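Report on the following structure.
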Amino acid sequence: MPGKRIDLPPGVLQPRDAVLRMAPYSPPTGGRAGKLRLDFNENTVGASPKVIEYLREHLTEAGLAIYPEYATIKQELGKFFGVEPDDFILTNGTDEAIQVLINTYIDDGGEVLLLRPSYAMYRFYAEVAGASIREIPYRAQKLELLDAIHPSTRAILIANPNNPTGTGTSRAGLERILEKAANAAVLIDEAYYEFSGVTALPLLNDYPNLFVSRTFSKVYGMAAMRLGCLFSQSGNVEFLHKAQSPYSVNTLATLAAHAAIQDRTYIEKYVTEVLAARELLYVGLEKLGIPYYESKANFVLFEAGARAVALRDELRRKGVLVRDRSYEIAGCVRVTCGTRDQIRRFLAELEQIW
Ligand SMILES: Cc1ncc(COP(=O)(O)O)c(C=O)c1O
């Protein structure tokens, strides 16, 4: 469908049709500091203190003057993830991983399969690229997705666990998709891997169409740093490199990653705490008779019914941020699991207004 030139105000330059057609995506980006942030699935207590310590010690005027260098951190991260440095690129968050994948494999009109609902940025980057997008209703069994794969399918983007449902797909389920979609780039976005323990990384050698992304934004508490990794077989990685801006990951992010992967205990403790908080949340929701989706991640989608938006707003007034998702699953609100104390506070506020 061509764009409508007549809708543009005078003096505004005509953008590409793909951009004109897009619905704006505008997540709340201000006024969150100081509130109980249970709306973006971040680490709710922050990065390991060792990350800050390391940054303080290693940030120098000379260091800031030099363009980023990646060889050392790639060696370290390769070891950490159990792959070779040639098997991945560093990215400016998962978001850039999605963008680079689309830029590498999707021509104008190329077919991209997405699940609905899922992470909004898949659609965003596919739309910017002018892809032909097919959205398949999300079901635990993924049978609809398997049926939807054609020889013309160029990419399939899947979050495992999925956001906002929190539901997961087994490795066997992913293999069925990879086998059927041999001509497509299949991205398995593992932003919440540390909470689910299910990963497709060991399948990398078996499937040349497999791409796996990881991020430092969630359990590592480094969303502000914007750092992720995109893994695939080295032959594919060469092309990802070719399509990527050479310095999109900054030096601070590489320093922070160096320190973050040393402090495994911090991450393990946080995961244990979140899983305990999630149990507490289930019990609290059940007590109030609120249906919810069992989650494999650090967030839970629950059914607030017709009051979803009002509930979100009432909680916000009390300093507790949650995310309304009723625009994609009727009546649903998503809440991030932080510590048990944070979930107790959330439940106490919820009980008062429910
Ligand atoms: C499935 C999924 N992938 C990726 C991200 C964002 O990752 P990043 O901060 O690394 O761009 C999110 C954040 O909400 C997410 O839910």
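As the structure is a computational prediction, the values presented were derived from the model and not from experiment. In each ligand, atom 1 is the first atom listed, and ligand 1 is the first ligand listed. Hydrogens, waters and symmetry mates are skipped; everything else that's a heavy atom, side chains included, is used.
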### Task
Under 4.0 Å from a heavy atom of Thr215: give me the atoms of ligand 1 that qualify, with their elements.
8 (P), 10 (O)

### Query
Checking Arg32 side chain against Arg37 main chain: does a donor-acceptor pair fall under 3.5 Å?
no

### Message
Looking at Tyr70 and Val249, would you say the former's side chain and the latter's main chain have a donor-acceptor pair under 3.5 Å?
### Response
yes

### Query
Which is it for Asn163 and ligand 1 at heavy atoms under 4.0 Å: side chain, backbone, both or neither?
side chain

#### Entry: Within 45° cone of Phe302 ring axis and under 6.0 Å: Arg334 NZ or CZ
no

#### Entry: Close N or O approach (Tyr122, ligand 1; < 3.5 Å)
no

#### Entry: Presence of salt bridge, Asp39 and Arg312, under 4.0 angstrom
no

### Message
Just to verify, which of Phe88, Phe231, Tyr105 counts as forming a ring-ring contact (aromatic ring centres under 6.0 Å, His included) with Phe211?
### Response
Tyr105

### Query
Looking only at protein heavy atoms, which one is nearest to atom 7 (O) of ligand 1, and how far off is it?
Thr94 OG1, 3.3 Å

### Task
Examine distances only and state if a side-chain atom of Asn209 and a backbone atom of Leu178 form a donor-acceptor pair shorter than 3.5 Å.
yes

### Query
To the nearest 0.1 Å, how far is atom 6 (C) of ligand 1 from its closest protein heavy atom, and which atom is that?
Tyr119 OH, 3.2 Å

### Task
For atom 11 (O) of ligand 1, find the nearest protein heavy atom and state the residue, atom name and distance (0.1 Å precision).
Arg226 NH2, 2.8 Å

### Taking atom 3 (N) of ligand 1 as the reference point, the nearest protein heavy atom with its distance
Asp189 OD2, 2.6 Å

### Query
What atoms in ligand 1 come closer than 4.0 Å to a heavy atom of Gly93?
10 (O), 11 (O)

### Task
Using a strict 4.0 Å cut-off to heavy atoms of Ala191, name the atoms of ligand 1 that fall inside it.
2 (C), 3 (N), 4 (C)

### Query
Any idea how Phe216 and Phe81 line up, ring-wise: parallel (<30°), tilted (30 to 60°), or perpendicular (>60°)?
perpendicular

### Query
Testing Asn41, Asn160, Asn298 for side-chain hydrogen bond (donor to acceptor under 3.5 Å, both in side chains) with Tyr192, which one passes?
Asn41

#### Entry: Main-chain N/O of Ala159 paired to Glu190 side chain as donor or acceptor, under 3.5 Å
no

### Task
Would you mind telling me if ligand 1 is within reach of the side chain of Glu96, the backbone, both or neither, using heavy atoms under 4.0 Å?
neither

### Task
For ligand 1, indicate whether the residue Tyr192 contacts it via side chain, backbone, both or neither (heavy-atom separation under 4.0 Å).
side chain

### Message
Is it the case that ligand 1 has an N or O less than 3.5 angstrom from some N or O of Lys218?
### Response
yes

### Query
Short list, please: which atoms of ligand 1 are under 4.0 Å from a heavy atom of Ala159?
1 (C)

